[in-house]
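The structure appears right after this line, and notes come after that.
Naming convention: chains lettered A, B, ... in sequence-line order (proteins, then strands); numbering from 1 in each chain. Computed from a predicted model, the values in this text were never measured in an experiment.
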Amino acid sequence: MRVRFAPSPTGFLHIGGVRTALFNWLFARHYGGQFLLRIEDTDEKRFVPGAADDMMASLRWVGIDWDEGPDIGGPHAPYVQSERKDLGIYQRYADELVANGHAYTCFVTPEQEEHMRAEWAARGERPERFRFRGPEREWSAEQVAEAKAQGLPFTIRLKVPLTGTTSFTDLIRGGERISVNNADLYDLVLLKTTKMPTYHLAHLVDDHLMGITHVIRGEEWVPSAPYHVMLYQAFGWNMPTFAHVPNILRQDGRGKLSKRKDDVSTNRFWERGYLPEAMFNYLALQGWSYDDHTEIMSRAEIVERFSIERVQASPARWNPDKLKDMNGIYIRKLSTSDLAARLLPFLSNAGLIANPPTDGECTYAEQLVPLIHERLEELGEASELLEFFFKDIAAPEPNLLVQKKMDAAGTLAALEAADAELRKLDGWNEGQLEAALRALAETLGLKVGQLFGTLRVAVTGRTVAPPLFATLVALGHERSLARIATAQAVLR
RNA sequence: GCCCCCAUCGUCUAGCGGCCCAGGACAACACCCUUUCAAGGUGUAGAUCGCGGGUUCGAAUCCCGCUGGGGGUACCA
């Protein structure tokens with residue numbers, strides 16, 4: 001079994017594209033087949049330099065690799081359509097279709113086609129129902145030769161039958177036959193005036209030449225599938241099996257995800273600190289499921305369990321909350337050292353540590369990781385949570401220092417007592433700190449929440465922070481006492 | 001407009017004729033744990049299975065219609 005993902009390099013790869021690639025990849029890996037990558041750059045106008053490399057980086061990031069592709073080659077190279085066009089591949093097959101009567105040379109320009117549409121409307125026909133059929137369908141070889149001799153620009157169009165129906169089956173729709181009336185179709189362009197093939201011709205010729213057995217692609221291709229069926233028949237080639245995967249809809253359900261309107265560039269998720277394994281798991285579940293309760297699965301488990309028949313026919317909706325939750329689950333599964341290593345780039349970017357980090361910073365980061373490990377849902381949140389360990393804090397607001405049912409004087413007294421108590425300690429570990437401060441709360445007649453709350457604000461500058469004793473230890477004796485002194489000054 | 005596809009809690013989904021007055025997860029809420037926040041635990045709420053007809057002893061599951069949503073309607077992919 002051989003499948004492929006064939007993106008058009010017109011910009012970054014969004015998660016919907018990654019999901020389609022993923023289903024192809026899972027299918028290939030599950031059955032031990034091959035997965036290939038092909039670049040479909042037949043749209044010269046929308047071509048974006050560098051987009052193909054960017055897309056490949058996105059795929060690699062989530063863990064999708066390919067057996068044949070533009071960068072690694074393969075038995076059917078090249079894997080870039082513009083390069084294949086230069087080899088004359090598409091021209092050859094377009095000519096074959098003209099020769100066997102399934103396609104024809106058309107000299108109608110876009111302007112003329114517009115005119116034909118207007119005439120159609122003038123005859124009282126519904127303009128929306130206009131289906132282009134070129135007058136050259138009935139031309140003789142001589143007429144065509146004459147027009148060519150005049151140097152008129154031309155396209156090659158598929159000669160779609162005027163009557164009858166065309167149908168095909170789709171794996172995802174339970175093998176249901178999807179069928180359309182040929183009268184609702186039109187003579188689509190196979191080879192543009194520029195000699196560049198359209199997607200319809202190019203992808204089909206390449207799929208055939210590359211031995212693709214299953215075409216797994218987005219459902220936006222369902223309407224054009226009948227043309228592809230006709231093309232396979234016209235060439236006399238074996239038809240691949242079709243599987244049109246549902247689109248991922250926008251969060252509000254209004255339309256499918258779009259690059260322009262939605263923040264769904266795959267790169268953005270990498271930048272915000274999503275783990276590729278979490279993204280992989282989440283995306284696999286957009287349209288596919290294993291059973292009624294299993295969600296967290298390793299790559300290997302998903303590969304083993306995946307089946308295209310269990311892919312839903314109805315569209316899924318983009319749910320960033322669920323992705324975020326899943327990312328948190330995956331972060332919690334990481335070891336301390338693994339998470340520390342993944343966090344370093346984020347801390348560097350935030351300017352909290354050097355780039356590259358020093359050995360001391362790496363060690364310190366690893367010491368801090370346990371304090372925020374289970375509080376993280378995106379790696380990017382770490383810099384905010386850890387900032388006060390790396391930078392000096394501003395003197396805390398008095399109203400934050402004063403806890404519930406306390407006043408400024410009582411808070412100051414508590415701080416002074418804590419200060420004295422902490423200076424008496426001959427060590428600085430969590431056990432000692434906790435024992436000393438709990439005892440102090442008791443003698444002061446305070447609830448531990450009151451005392452600890454005040455100290456938390458004094459030492460971190462915020463009301464929400466990692467556990468107090470671990471924080472004091474990580475901060476160190478010196479800095480802790482200095483910050484407590486500053487807090488006292490604020491209240492005096 | 002026309003053509004095609006789809007339709008279970010707000011969202012992702014399980015369900016493929018009786019096990020379902022519908023199960024799991026996210027989000028929400030409550031409680032427990034607890035030095036804050038998380039994490040974890042327990043629980044609550046949330047779907048007359050879009051609506052209407054059939055078929056059947058029996059339908060979320062099969063069929064038809066309607067409605068709704070999505071996609072397509074390019075010398076873009």
Side-chain angles (χ1 to χ4, degrees), chain A residues 6-10 40-46 106 108-110 113 126-132 153-157 170 172-174 176 178-181 183-186 188-194 196-200 202-203 217-226 244 246-247 249 251 253-256 282 285-296 310 312-326 328-329 332 372-377 385 403 434 437-438 441 447-457 460 462-469 471:
Chain A
S8 179
T10 55
E40 309 213 321
D41 56 347
T42 53
D43 185 345
E44 299 130 300
K45 297 188 192 82
R46 293 198 305 158
C106 178
V108 175
T109 63
E113 184 180 336
R126 287 172 174 278
E128 316 79 33
R129 282 206 52 126
F130 180 69
R131 296 287 179 267
F132 184 90
F154 61 87
T155 58
I156 303 291
R157 284 181 186 266
D170 188 300
I172 288 171
R173 273 146 264 270
E176 283 278 314
I178 294 173
S179 115
V180 296
N181 288 114
D184 287 323
L185 272 20
Y186 77 104
L188 93 178
V189 171
L190 264 20
L191 209 63
K192 308 179 194 179
T193 315
T194 59
M196 185 65 95
T198 57
Y199 163 84
H200 305 287
H203 94 275
R217 78 233 289 199
E219 68 172 337
E220 65 272 22
W221 294 107
V222 170
S224 49
H244 291 94
N247 280 140
L249 266 32
Q251 227 184 132
R254 302 221 132 267
K256 59 176 181 173
Y282 174 77
L285 258 19
Q286 287 287 289
W288 173 80
S289 63
Y290 175 57
D291 60 17
D292 64 346
H293 65 278
T294 312
E295 292 197 330
I296 303 300
R310 279 193 68 85
Q312 282 239 310
S314 56
R317 203 181 286 203
W318 178 235
N319 184 351
D321 279 346
K322 180 99 177 183
L323 204 214
K324 196 169 182 179
D325 173 71
M326 199 170 270
I329 292 173
R332 272 172 254 132
I372 58 165
H373 201 142
E374 66 188 20
R375 270 156 262 262
L376 235 40
E377 283 194 308
L385 292 172
Q403 301 297 296
E434 179 158 10
L437 292 172
R438 278 192 189 281
K447 289 188 173 176
V448 289
Q450 293 174 305
L451 209 218
F452 296 177
T454 296
L455 285 169
R456 176 176 301 108
V457 172
T460 68
R462 47 182 85 176
T463 54
V464 174
L468 183 61
F469 312 116
T471 299

Item to complete: For residues A:L188 and A:T198, determine if any side-chain heavy atom of one lies less than 4.5 Å from a side-chain heavy atom of the other.
Response: no
Practice prompt. Any chance you could list the contact pattern along nucleotides 60-66 of chain B? Use B for base contacts, S for sugar-phosphate-only contacts and - for none, protein heavy atoms under 4.0 Å, 5' to 3'.
Written response: -------
Worksheet item: Can you check whether A:R46 has a side-chain N or O nearer than 4.0 Å to OP1 or OP2 of B:A77?
Response: no
Discussion item. How close do A:T42 and A:P197 get, counting heavy atoms only, and between which atoms?
Written reply: CB-O, 3.4 Å
Practice prompt. Mind calculating the distance between CG (A:L451) and P (B:U36) to the nearest angstrom?
Written response: 13 Å
Fill in: Contact check, side chains of A:L323 and A:N319, non-hydrogen atoms, under 4.5 Å
no
Discussion item. For a quick check of understanding: with a heavy-atom distance under 4.0 Å over all strands, which category does A:G255 fall into, base, sugar-phosphate or nothing?
Written reply: sugar-phosphate
Worksheet item: Counting only Watson-Crick or G-U wobble pairs whose two distances fall under 3.5 Å, which nucleotide matches B:C2?
Response: B:G72
Discussion item. How close do A:S289 and A:R310 get, counting heavy atoms only, and between which atoms?
Written reply: O-NE, 2.8 Å
Discussion item. On RNA chain B, does the nearest nucleotide to A:R456 precede the nearest nucleotide to A:V180 from the 5' side, or the other way round? Give the residue.
Written reply: A:V180
Worksheet entry | Span that lies between the C1' atom of B:U44 and that of B:U55, in whole angstrom | 40 Å
Worksheet item: Atom CG of A:N247 to atom C1' of B:A7: distance rounded to whole Å?
Response: 16 Å
Practice prompt. Give a yes or no on this: more than 12 heavy atoms of other residues, nucleotides or ligands lie within 6.0 Å of atom OH of A:Y199.
Written response: yes
Worksheet item: To the nearest angstrom, how far is A:K324 atom NZ from B:C26 atom P?
Response: 15 Å
Fill in: ring-ring contact (aromatic ring centres under 6.0 Å, His included) partners of A:W318, counting only residues at least two apart
A:F269, A:Y282
Worksheet item: Do other residues, nucleotides or ligands put more than 12 heavy atoms under 6.0 Å from the NZ atom of A:K447?
Response: no
Item to complete: Please work out if A:I178 contacts a base, only the sugar-phosphate, or nothing of the nucleic acid, heavy-atom cut-off 4.0 Å.
Response: sugar-phosphate
Practice prompt. Give A:P246 one of three labels, base, sugar-phosphate or nothing, depending on what nucleic acid heavy atoms sit under 4.0 Å from its own.
Written response: nothing
Discussion item. Students often get this wrong, so: under 4.0 angstrom with heavy atoms, is A:T42 touching a base, only sugar-phosphate, or nothing?
Written reply: sugar-phosphate
Worksheet item: Taking atom P in both B:A14 and B:A25, what distance in whole Å separates the two?
Response: 15 Å
Practice prompt. Given salt bridge (Lys or Arg N to Asp or Glu O under 4.0 Å), test A:R217 with A:E40 step by step and report yes or no.
Written response: CA-CA 14 Å; A:R217 78 233 289 199; A:E40 309 213 321; over 6 Å; no
Fill in: Contact under 4.0 Å: A:K256 side-chain N or O vs B:C5 OP1/OP2
no
Worksheet item: Whole-Å distance between B:A27 P and A:M326 CE?
Response: 11 Å
Practice prompt. Provide the distance between the two C1' atoms, one in B:G40 and one in B:A77, to the nearest whole Å.
Written response: 48 Å
Taking N or O atoms only and anything under 3.5 Å, show me the protein contacts with nucleotides 40-50 of chain B, one pair per line.
{"residue": "B:G40", "atom": "OP1", "partner": "A:R332", "partner atom": "NH1", "Å": "3.3"}

Practice prompt. Look through every strand shown and name the nucleotide pairing with B:C37 as Watson-Crick or G-U wobble, where both distances are under 3.5 Å.
Written response: none
Discussion item. Could you work out, with side-chain contact (heavy atoms from CB on, under 4.5 Å) as the rule, every residue matching A:N181, not counting sequence neighbours?
Written reply: A:T165, A:D184
Item to complete: List for me each residue that meets side-chain contact (heavy atoms from CB on, under 4.5 Å) alongside A:V464, sequence neighbours excluded, and say none if there are none.
Response: none
Fill in: Interatomic distance, A:L249 CG vs B:G10 P [rounded to whole Å]
17 Å
Worksheet item: Within the modelled atom types, does a donor on one side and an acceptor on the other bring the side chain of A:T193 and the base of B:C75 under 3.5 Å apart?
Response: yes
Worksheet item: Taking only N and O in the side chain of A:R438, is any of them less than 4.0 Å away from OP1 or OP2 of B:U35?
Response: yes
Item to complete: State, yes or no, whether a side-chain contact exists between A:I172 and A:H244 at a heavy-atom distance under 4.5 Å.
Response: no
Worksheet item: Between B:C37 atom P and A:L455 atom CG, what is the distance in whole Å?
Response: 17 Å
Practice prompt. Answer whether the closest heavy-atom distance between the side chains of A:K322 and A:Q286 falls below 4.5 Å.
Written response: no
Worksheet, complete the sentence: Taking a pair to mean Watson-Crick or G-U wobble geometry with both distances below 3.5 Å, B:G50 pairs with B:C66
N/O contacts under 3.5 Å, protein versus nucleotides 11-16 of chain B?
{"residue": "B:U11", "atom": "O2'", "partner": "A:N319", "partner atom": "ND2", "Å": "3.4"}
{"residue": "B:C12", "atom": "OP1", "partner": "A:R317", "partner atom": "N", "Å": "3.3"}
{"residue": "B:U13", "atom": "OP1", "partner": "A:G287", "partner atom": "N", "Å": "3.0"}
{"residue": "B:U13", "atom": "O3'", "partner": "A:S289", "partner atom": "OG", "Å": "3.3"}
{"residue": "B:A14", "atom": "OP1", "partner": "A:S289", "partner atom": "OG", "Å": "2.8"}
{"residue": "B:A14", "atom": "OP2", "partner": "A:Q312", "partner atom": "NE2", "Å": "2.6"}
{"residue": "B:G15", "atom": "OP1", "partner": "A:R310", "partner atom": "NH1", "Å": "2.8"}
{"residue": "B:G15", "atom": "OP1", "partner": "A:R310", "partner atom": "NH2", "Å": "3.4"}

Worksheet, complete the sentence: Closest non-hydrogen contact found for A:L437 with A:F469 is CD1-CE2, 3.7 Å
Discussion item. Any base atoms under 4.0 Å from A:K447, or only sugar-phosphate, or nothing? Heavy atoms, all strands.
Written reply: nothing
Discussion item. Suppose we call two aromatic rings close when their centres sit under 6.0 Å apart. Are A:Y186 and A:F130 close by that rule?
Written reply: no
Discussion item. Could you identify the nucleotide paired to B:C16, looking across every strand shown and requiring Watson-Crick or G-U wobble geometry with both distances under 3.5 Å?
Written reply: none
Practice prompt. Find the distance A:M196:CE to B:A74:C1' and express it as a whole number of Å.
Written response: 16 Å
Worksheet item: Should B:G43 form a Watson-Crick or G-U wobble pair with both distances under 3.5 Å, which nucleotide is its partner?
Response: B:C29
Discussion item. Could you tell me how far apart A:E44 (CD) and B:A74 (C1') are, to the nearest whole angstrom?
Written reply: 14 Å
